[in-house]
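Remarks on the structure that follows.
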Amino acid sequence: MNDWILVVDDDAANLRMASHILTAEGMRVSCLKSGEDALRFLQENRPDLILLDIHMPGMDGFETIAAVRGNEKTADIPVIFLTADDDSETETQGLKAGAMDFIKKPFVPEVLLLRVRHTIELIRLQENLAQEVEKKTQEVKAQHEKLDKISMQIVKALSGAIDAKDTYTNGHSTRVADYSREIAKHAGFSTRRQDDIYMMGLLHDVGKIGIPEAIINKPGKLTDEEFEKIKTHPALGAGILKNITEFPQLAVGARWHHERYDGKGYPDGIAGEDIPTEARIIAVADAYDAMSSRRSYRDVLKQDFIRGEILKGKGTQFDPAFADIMLALIDADADYQMREK
């Protein structure tokens with residue numbers, strides 16, 4: 001079944017161009033000229049994606065998306081805003097209103113197609129992952145002890161699939177999960193919370209599913225454009241995991257494990273204790289494993305060097321308390337066992 005796109009724009013030329021670009025790729029396209037028309041259309045129809053102009057006479061894009069999100073029948077339909085604006089305030093307002101992305105006008109055909117495909121693929125992945133988790137949950141509903149075991153097997157399988165994309169960091173997710181749980185243990189967290197952090201660590205890089213393997217496995221230095229693509233994986237991961245309603249915290253580690261304690265990280269630039277505790281733990285574990293694992297361009301780094309880098313990042317890149325625990329773990333690892341074998 002072809003993907004169905006609703007395009008809402010008061011400019012007939014924009015409608016024709018969007019329709020031409022999308023239908024040429026085999027997509028089904030419906031075009032409307034106003035927010036009011038779109039709301040009437042949605043009473044009887046359910047497209048897979050809405051491309052919505054911001055500036056329209058009558059109801060503008062913000063009013064229209066508010067009405068879409070306010071109706072339980074349409075609230076989960078993904079929306080991408082179409083705009084000629086180029087300011088952060090408009091983008092911030094749009095994201096707060098519930099838009100998944102922005103496409104600049106006039107359209108660049110390749111960009112339009114990539115963003116539409118990416119959004120639809122992300123939604124499909126969310127739905128499929130949620131359905132798979134629900135399926136497994138139903139299968140073991142009467143067997144509570146087995147549920148945790150099966151859930152962990154699913155998560156480990158998924159983390160293995162993530163790591164398999166990266167030629168040079170196989171086992172990375174499992175090691176990060178192990179180190180994260182060890183830090184949580186030494187921080188005095190309960191066994192249950194240690195297990196939760198372990199699960200978050202296993203899936204912290206799930207967003208890399210959406211990153212081309214050519215970029216992940218590139219042996220040389222990434223271009224600025226490629227690095228910006230890599231930097232999208234935390235938000236992609238959070239988008240995938242947020243639909244697992246039985247464990248909503250899973251998305252925490254995925255979204256914020258690249259934030260820095262000094263606020264200079266990504267994707268949101270939050271700082272200090274505004275960064276969730278679990279993400280601050282995973283950030284230290286992730287950085288440690290990156291240095292204690294092989295890369296295409298180097299071998300495992302020396303333990304003393306890694307210790308120095310963790311110490312250097314204490315209070316800037318890393319939460320000081322969790323950095324201190326990692327330093328203590330390094331000091332206790334006299335034979336340097338905490339590394340990729």
Name the orientation class of the two ring planes belonging to Phe81 and Phe102 (parallel below 30°, tilted from 30 to 60°, perpendicular beyond 60°).
-> tilted
Would you say the side-chain atoms of Gln303 pair up with the backbone N or O of Asp333, donor to acceptor, closer than 3.5 Å?
-> yes
Derivation and outcome, side-chain contact (heavy atoms from CB on, under 4.5 Å), residues Val79 and Arg69 | CA-CA 10 Å; Val79 175; Arg69 292 287 175 256; 3.6 Å; yes
Could you check if a side-chain atom of Arg255 sits within less than 4.5 angstrom of a side-chain atom of Asp268, using non-hydrogen atoms only?
-> yes
Lys105, NZ: over 12 other non-hydrogen atoms inside 6.0 angstrom | yes
Crowded around Met17 CE? As in, over 12 foreign heavy atoms under 6.0 Å?
-> no
Do Glu309 and Lys312 pass the salt bridge (Lys or Arg N to Asp or Glu O under 4.0 Å) test, and can you show the C-alpha distance, the side-chain angles, and the key distance before you say yes or no?
-> CA-CA 5 Å; Glu309 290 299 297; Lys312 187 189 304 181; 3.0 Å; yes
With distance as the sole test, does Glu63 use its side chain to make a donor-acceptor pair with the main-chain N or O of Asp60 at under 3.5 Å?
-> yes
Roughly how far, to the nearest 0.5 Å, is OH of Tyr261 from CD1 of Ile275?
-> 8.0 Å
Assess whether side-chain contact (heavy atoms from CB on, under 4.5 Å) is satisfied between Leu250 and Val206, documenting all intermediate values.
-> CA-CA 10 Å; Leu250 272 180; Val206 69; over 6 Å; no
Salt bridge (Lys or Arg N to Asp or Glu O under 4.0 Å) evaluation trace for Asp37 with Arg40 | CA-CA 5 Å; Asp37 287 344; Arg40 285 190 289 269; 2.5 Å; yes
Main-chain N/O of Ile215 paired to Glu226 side chain as donor or acceptor, under 3.5 Å = no
Rounded to the nearest 0.5 Å, how far does OG of Ser173 lie from CG of Asp178?
-> 11.0 Å
So how far is it from Met27 CE to Leu49 CG, rounded to the nearest 0.5 Å?
-> 8.5 Å
Any side-chain donor-acceptor pair under 3.5 Å between Asp10 and His55?
-> no
Exam field: side chain Thr316 to backbone Asp262, donor-acceptor pair closer than 3.5 Å = no
For residues Met56 and Asp9, determine if any side-chain heavy atom of one lies less than 4.5 Å from a side-chain heavy atom of the other.
-> no
Using the side-chain contact (heavy atoms from CB on, under 4.5 Å) rule, take Val8 and Phe41 through it: C-alpha gap first, then chi angles, then the decisive distance, then the call.
-> CA-CA 11 Å; Val8 186; Phe41 177 87; over 6 Å; no
Compare all side-chain heavy atoms of Ile209 with those of Leu125 and state whether any distance is below 4.5 angstrom.
-> yes
Any donor and acceptor pair, going by atom type alone, linking the side chain of Tyr288 with main-chain N or O of Ile330 inside 3.5 Å?
-> no
Test item: Lys341 and Gln337 side chains (from C-beta on) under 4.5 Å apart, heavy atoms | yes
State, yes or no, whether a side-chain contact exists between Ile211 and Leu236 at a heavy-atom distance under 4.5 Å.
-> yes
Whether over 12 other heavy atoms sit under 6.0 Å from Asp331 CG | yes
For the residue pair His233 and His257, does the interplanar ring angle fall in the parallel (under 30°), tilted (30 to 60°) or perpendicular (over 60°) class?
-> tilted
Test Ile197 against Gln194 for side-chain contact (heavy atoms from CB on, under 4.5 Å), laying out the working first.
-> CA-CA 5 Å; Ile197 290 172; Gln194 292 173 38; 5.9 Å; no
Single-linkage hydrophobic cluster, 4.5 Å side-chain cutoff, Met338 and Tyr198 together = no
Out of curiosity, Arg117 CZ to Leu113 CG, how far, rounded to the nearest 0.5 Å?
-> 5.0 Å
Would Arg124 and Glu121 count as a salt bridge (Lys or Arg N to Asp or Glu O under 4.0 Å) if you check the C-alpha gap in whole Å, the side-chain angles of each, and the deciding distance to 0.1 Å?
-> CA-CA 5 Å; Arg124 296 279 188 269; Glu121 288 171 1; over 6 Å; no
Atom of Leu95, atom of Ala99 and distance for their closest heavy-atom approach = CD2-O, 3.5 Å
Answer yes or no: are there more than 12 heavy-atom neighbours, outside Lys185 itself, under 6.0 Å from its atom NZ?
-> no
Of all heavy-atom pairs between Glu278 and Arg193, which one has the smallest distance, and what is that distance?
-> OE2-NH2, 3.4 Å
Determine the minimum heavy-atom distance between Gly210 and Lys229, stating which atoms define it.
-> O-CE, 4.3 Å
Linking I/L/V/M/F/W/Y whenever any side-chain heavy atoms sit under 4.5 Å apart, do Leu301 and Val284 land together?
-> yes
Got Arg46 and Asp76 here, is their nearest side-chain heavy-atom distance under 4.5 Å?
-> yes
From Ile230 CD1 over to Lys208 NZ, what is the distance, rounded to the nearest 0.5 angstrom?
-> 6.0 Å
Check whether any side-chain heavy atom of Leu42 sits under 4.5 Å from a side-chain heavy atom of Leu6, and report yes or no.
-> yes
Value rounded to 0.5 Å, distance of CG in Leu32 from CG in Leu52 | 10.5 Å
Note, Ser19 side chain near Val7 side chain (heavy atom, < 4.5 Å) = no
If you take all heavy atoms of Phe107 and Ile103, which pair is closest and at what distance?
-> CD2-CG2, 4.0 Å
Judged by modelled atom types alone, do His204 and His258 share a side-chain donor-acceptor pair under 3.5 Å?
-> no
What closest approach, in Å, do Phe318 and Ala283 show between heavy atoms, and which atom pair accounts for it?
-> CE2-O, 3.8 Å
Does a donor on one side chain sit under 3.5 Å from an acceptor on the other, for Arg175 and Ser292?
-> no
